[in-house]
Trainee: 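This is the structure I want to talk about, given as structure tokens.
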Amino acid sequence: MEYLEGLNEPQRQAVIHTEGPLMIIAGAGSGKTRVLTYRIAHLIYHGVDPYQILALTFTNKAANEMRERIAKVVGHEAKNIWMGTFHSIFAKILRIDGHRLGYTRDFSIYDTEDSKNLIKNIVKELNLDDKLYKPAVVFSRISGAKNRLISYREYNTNPIYRADDESYQRPEIGKIYQIYQERLFKANAMDFDDLLFNTNVLFRDHLDVLNKYQHKFRYVMVDEFQDTNVSQYLITRKLAAVHQNIAVVGDDAQSIYAFRGADIQNILNFERDYPNLKAIRLEQNYRSTKTIVQAANSVIAKNQAQLKKNVWTANAEGEAIELLKAASDAEEARMVAQSIFEEKMQKKRKNSDFAILYRTNAQSRTFEEALRKLNLRYKVVGGLSFYQRKEIKDLVAYFRFALNQNDEEAFRRIINLPKRGVGDATIARIVVVANEYKVSIWDVLCNAFKYIGGRVALALDTFATLIKSFKMAIEQKNAYDAAMEIAKNSGLLKELYEDKSIEGLARYENVQELLNGIKEFVDNPENTDKSLGAFLQEISLLTNADEPESEEDNKDAITLMTIHSAKGLEFKHVFVVGMEEDLFPSQMMIGSRAELEEERRLFYVAITRAEEKLTLTYATSRYRFGRIKDCEPSRFLDEIDPRCIKQKKTILPSSDRVAVKNFLNSLQATTAQTQKTTYKPSPDFKPSDTTYLAPGMRVEHLKFGFGLVLEIQGEDKERKARIQFDDFGEKTLLLSFAKLKVHG
DNA sequence: TCCGCGCGTATTTTT
DNA sequence: TACGCGCGGA
């Protein structure tokens with residue numbers, strides 16, 4: 001068993017302990033994935049049928065990676081393991097047995113956007129104040145309830161929830177919750193939370209179904225156990241109840257998803273629920289230098305809520321942690337880009353050795369600019385995912401509706417896309433009529449002349465006929481041919497093609513990329529079901545990390561991403577940027593000790609991504625929400641063992657900077673007198689124009705935006721200029737006429 | 001019904 | 001900044 005070689009003793013124990021409950025507490029960089037991989041390989045090697053193994057992860061990426069690594073040890077059998085995210089595995093189960101709850105095999109999965117749109121509609125229909133009942137707020141309330149397995153019935157009968165909502169002036173949330181659920185059910189749709197919630201209901205109310213899976217899965221494994229919520233934990237526990245072979249792997253110090261219902265308590269519950277469990281600690285870190293491990297330990301030690309753990313490493317001492325202070329967010333980005341540039345030269349590093357990690361997606365922009373200026377290749381992970389782009393969602397909505405005519409959100413998306421003269425008024429009428437005659441929206445569409453009449457009926461009837469033809473295409477053709485037909489005949493492709501703007505071109509390419517993806521799906525011999533429905537199931541649970549690999553991505557590139565999406569990854573040199581109070585820790589997370597500790601764990605995750613070198617940066621002023629804000633260094637910086645930070649590189653404000661700052665402050669003082677003016681671009685507008693603020697020029701009016709709009713007293717009174725803050729630092733104040741404008 | 005404009009507001013993380 | 005919404009004219 002050569003795969004057991006090279007493992008340390010606790011790792012080996014974790015691999016060979018296959019029978020009975022097992023809890024592996026795995027510190028950062030302790031070879032957790034390796035252990036899980038070998039453990040599954042070990043099972044298969046000893047004759048366990050891959051179909052009897054269930055391995056649950058949180059991301060598709062983790063699942064795929066593990067599958068690949070297992071395949072290297074055991075070969076093609078790896079593909080038969082039930083391995084995937086909680087959501088995808090439970091979706092699979094619900095596709096098979098969901099009819100017991102009244103759903104068909106083709107149920108739709110609503111993403112967060114769909115859910116919020118539905119809530120928005122409900123709030124409108126109930127005539128509630130949409131300032132008070134914001135979709136995001138209501139949704140998070142409902143989601144929280146579902147993750148704690150509280151049904152709308154329970155929510156509405158338990159006075160505690162009501163009292164809680166009333167104290168926030170939102171007494172109607174329970175009602176919205178109920179209507180929301182009813183509408184989802186009517187649409188034959190589930191949101192993300194329903195995939196877990198309904199699996200629980202299925203297993204609770206249909207014991208024969210539960211029994212089937214309990215006997216099927218002889219071995220159950222859960223990765224990133226610290227991120228499970230109650231709903232997920234209960235399902236896994238039930239599934240393992242017969243064979244009791246449940247292994248969970250996690251690290252309480254890396255629990256960063258409490259905000260969406262993850263509960264570290266589950267680790268304690270596990271110990272309570274399985275008193276005979278074997279507990280194994282993986283404490284040796286193979287990833288990082290001594291310095292980095294020590295820094296991480298010193299930070300996490302400030303948390304009260306944690307399991308005792310002693311993470312150590314046999315690796316070299318390594319370089320000290322670098323702390324960079326910048327005058328602005330733009331300068332921060334320049335310093336990072338510069339230091340990557342230099343290090344690439346000196347140490348012969350690849351772009352892919354570097355990662356820039358930040359707290360919020362919005363921070364990526366300045367770094368992109370700075371890296372572009374130095375011609376450094378980068379890729380941004382996350383942000384708007386491929387599948388969340390409008391053009392993709394539009395086409396997918398056609399797929400969804402052709403497959404499931406009850407899918408209300410898909411219907412709303414496409415009924416007037418491309419424009420066919422069906423506006424909000426008509427849509428509202430369709431819904432009213434459907435309710436009145438107690439028929440479905442689809443029935444109304446199919447009999448538009450009867451139910452709606454008038455001019456618009458023809459458009460609706462044509463639309464219904466179109467969908468029927470798509471329905472047929474899906475039944476008869478493979479996913480690619482059906483998708484092609486829908487893209488063409490719907491008119492979406494044509495509309496995008498005709499848009500020759502830069503964005504339009506990108507949108508068209510995106511749709512092409514989706515179609516290519518479908519082609520690959522069809523051509524892949526591992527996919528036995530080649531229908532469009534099967535493809536849809538694949539992608540409805542994909543998210544930002546799982547974008548189709550473009551050729552750009554394959555090239556050597558610096559990675560830019562949020563700390564959250566960096567979990568599980570490692571890089572030689574990591575930059576953690578924006579280390580400022582209110583940004584990291586986030587302003588919204590300093591309310592309670594628990595929240596602050598979650599932010600601290602997030603910082604811990606960030607530090608432990610680094611193998612050889614870690615650089616922390618912060619700026620003393622930063623654009624936020626179109627304003628310039630002074631920033632304090634993050635409290636987390638003080639929590640690092642000072643011995644790990646040998647030198648503090650700081651950029652002291654030079655006298656020039658002070659002068660500029662004073663100058664800007666004096667400008668700020670006059671903002672109150674800013675008057676609104678309409679500007680129009682001048683015909684000779686040149687974006688690259690730059691000039692210096694010459695002596696004797698004086699600023700008369702200004703307006704804060706991204707930079708300042710100034711009116712300068714000088715040769716040309718009518719001229720307005722825009723000043724770029726981040727370009728100061730020269731002897732003279734550099735004015736960038738990025739938007740030179742002439743008075744209306 | 002559609003389109004464009006102007007205003008106001010939002011800004012955390014993601015399966 | 002940048003996005004969404006509401007309003008008013010075509």
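A, B, ... follow the sequence lines: proteins, then strands. Residue 1 opens every chain. Atoms considered below: every heavy atom in the structure, side chains included; atoms not considered: hydrogens, waters and symmetry mates. Keep in mind that this is a model prediction, so the values were computed, not measured.
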Trainee: Over how many whole Å does the gap from A:Asp329 atom CG to B:dT11 atom P extend?
Mentor: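 One finds 20 Å between P of B:dT11 and CG of A:Asp329, rounded.
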Trainee: Suppose the criterion is salt bridge (charged side-chain N to carboxylate O under 4.0 Å, His left out): which pairs have a residue in residues 417-430 of chain A, not counting sequence neighbours?
Mentor: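 Of all non-adjacent pairs touching residues 417-430 of chain A, none passes salt bridge (charged side-chain N to carboxylate O under 4.0 Å, His left out).
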Trainee: Write down the distance between NZ (A:Lys116) and P (B:dT14), rounded to a whole number of angstrom.
Mentor: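 A:Lys116 atom NZ is separated from B:dT14 atom P by 12 Å.
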Trainee: For nucleotides 2-5 of chain B, which of its nitrogen or oxygen atoms have a protein nitrogen or oxygen under 3.5 Å away, and what is each distance?
Mentor:
unit_1 : atom_1 : unit_2   : atom_2 : d
B:dC2  : OP1    : A:Asn416 : ND2    : 3.3
B:dC2  : OP1    : A:Gly421 : N      : 3.3
B:dC2  : OP2    : A:Asn416 : ND2    : 2.9

Trainee: Between C:dG4 and B:dT13, how far apart are the two P atoms, rounded to whole Å?
Mentor: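 Looking at atom P only, C:dG4 and B:dT13 are 16 Å apart.
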Trainee: Could you tell me whether A:Tyr257 contacts a base, only the sugar-phosphate backbone, or nothing, with contacts defined as non-hydrogen atoms closer than 4.0 Å?
Mentor: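 The answer is sugar-phosphate, as A:Tyr257 gets under 4.0 Å only of primed atoms, P, OP1 or OP2.
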Trainee: So which protein nitrogen or oxygen atoms get under 3.5 Å of nucleotides 4-7 of chain C's nitrogens or oxygens?
Mentor:
unit_1 : atom_1 : unit_2   : atom_2 : d
C:dC5  : OP1    : A:Lys120 : NZ     : 2.6

Trainee: Return the minimal non-hydrogen interatomic distance between A:Ala189 and A:Tyr110, and the atom names on each side.
Mentor: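 Minimum heavy-atom contact is CB-CE1, 3.5 Å.
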Trainee: Does a side-chain N or O from A:Thr562 land closer than 4.0 Å to OP1 or OP2 of B:dT14, or not?
Mentor: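 Answer is yes, contact under 4.0 Å.
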Trainee: Within the 4.0 Å heavy-atom criterion, would you say A:Lys134 contacts the bases, only the backbone, or no part of the nucleic acid?
Mentor: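 Answer is sugar-phosphate: A:Lys134 comes under 4.0 Å of backbone atoms only.
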Trainee: Given B:dT15, B:dT14, B:dT12, identify the nucleotide with an atom nearest to the side chain of A:Phe192.
Mentor: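 Shortest atom-to-atom distance from the side chain points to B:dT15.
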Trainee: Identify whether the distance between the nearest side-chain nitrogen and carboxylate oxygen of A:Asp130 and A:Lys134 falls below 4.0 Å.
Mentor: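 Between A:Lys134 and A:Asp130 there is no salt bridge, as every charged N stays at least 4.0 Å from the carboxylate O atoms.
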Trainee: Let me know, please, whether A:Leu602 or A:Val456 comes out on the 5' side of the other along DNA chain B by nearest nucleotide.
Mentor: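 The answer here is A:Val456.
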Trainee: In a check of side chain to side chain donor-acceptor pair (under 3.5 Å) between A:Ser231 and each of A:Asp193, A:Asn200, A:Thr199, A:Asn147, which one passes?
Mentor: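 It is A:Asn200; the other options fail the test.
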Trainee: Give a yes/no answer on whether the side chain of A:Thr426 brings an N or O atom under 4.0 Å of OP1 or OP2 in B:dT1.
Mentor: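 It does, given that an N or O in the side chain of A:Thr426 lies less than 4.0 Å from OP1 or OP2 of B:dT1.
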Trainee: Take atom CZ of A:Phe58 and atom P of B:dT14, then tell me their distance rounded to the nearest Å.
Mentor: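 In whole Å, B:dT14 P and A:Phe58 CZ are 15 Å from each other.
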Trainee: So if I apply the salt bridge (Lys or Arg N to Asp or Glu O under 4.0 Å) rule between A:Asp114 and each of A:Lys120, A:Arg412, A:Arg400, which one comes out positive?
Mentor: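 Considering A:Lys120, A:Arg412, A:Arg400, a salt bridge (Lys or Arg N to Asp or Glu O under 4.0 Å) with A:Asp114 is found only for A:Arg400.
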Trainee: Salt bridge or not for A:Glu599 and A:Arg359, using N-O below 4.0 Å?
Mentor: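 Salt bridge between A:Glu599 and A:Arg359, a charged N being under 4.0 Å from a carboxylate O: yes.
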Trainee: In whole Å, I'd like the distance from the CE atom of A:Met561 to the P atom of B:dT14.
Mentor: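 One finds 11 Å between P of B:dT14 and CE of A:Met561, rounded.
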Trainee: Could you work out, with salt bridge (charged side-chain N to carboxylate O under 4.0 Å, His left out) as the rule, every residue matching A:Glu595, not counting sequence neighbours?
Mentor: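 For A:Glu595 there are no salt bridge (charged side-chain N to carboxylate O under 4.0 Å, His left out) partners, ignoring immediate neighbours.
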Trainee: If you check every side-chain atom of A:Ser565, which of B:dT12, B:dT14, B:dT15 has the closest atom?
Mentor: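 The answer is B:dT14, which lies nearest to the side chain.
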Trainee: Base, sugar-phosphate, or nothing for A:Asp227, non-hydrogen atoms under 4.0 angstrom?
Mentor: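 Counting heavy atoms under 4.0 Å across all strands, no contact is made by A:Asp227.
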Trainee: I'd like to check the salt bridge (charged side-chain N to carboxylate O under 4.0 Å, His left out) partners of A:Glu224; sequence neighbours left out, ordered by chain and number.
Mentor: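 Counting only residues at least two positions away or on another chain, A:Glu224 forms a salt bridge (charged side-chain N to carboxylate O under 4.0 Å, His left out) with A:Lys32, A:Lys567.
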Trainee: Rounded to whole Å, please give me the gap between CG in A:Asn198 and P in B:dT15.
Mentor: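 Taking CG of A:Asn198 and P of B:dT15, I get 20 Å after rounding.
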Trainee: Who passes side-chain hydrogen bond (donor to acceptor under 3.5 Å, both in side chains) against A:Ser586, sequence neighbours left out?
Mentor: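 Counting only residues at least two positions away or on another chain, A:Ser586 forms no side-chain hydrogen bond (donor to acceptor under 3.5 Å, both in side chains).
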Trainee: From B:dT15, B:dT14, B:dT1, pick the nucleotide closest to the side chain of A:Ala425?
Mentor: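 The answer is B:dT1, which lies nearest to the side chain.
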Trainee: Rounded to the nearest Å, what distance is computed from the CD atom of residue A:Gln363 to the C1' atom of nucleotide B:dT13?
Mentor: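 Going from A:Gln363 (CD) to B:dT13 (C1'), I get 12 Å.
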Trainee: Got a salt bridge between A:Arg365 and A:Glu369, using NZ or NE/NH1/NH2 to carboxylate O under 4.0 Å?
Mentor: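 Here A:Arg365 pairs with A:Glu369 in a salt bridge, since their nearest N and O are under 4.0 Å apart.
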Trainee: With heavy atoms under 4.0 Å as the rule, sort A:Phe259 into base, sugar-phosphate or nothing.
Mentor: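 A:Phe259: base contact, heavy atoms under 4.0 Å.
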Trainee: Expressed as a whole number of angstroms, how long is the span from A:Asp111:CG to B:dT14:C1'?
Mentor: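 Rounding to the nearest Å, CG of A:Asp111 and C1' of B:dT14 are 12 Å apart.
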Trainee: What is the distance, rounded to the nearest whole Å, between atom CZ of A:Arg359 and atom P of B:dT12?
Mentor: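 Value for this atom pair: 9 Å.
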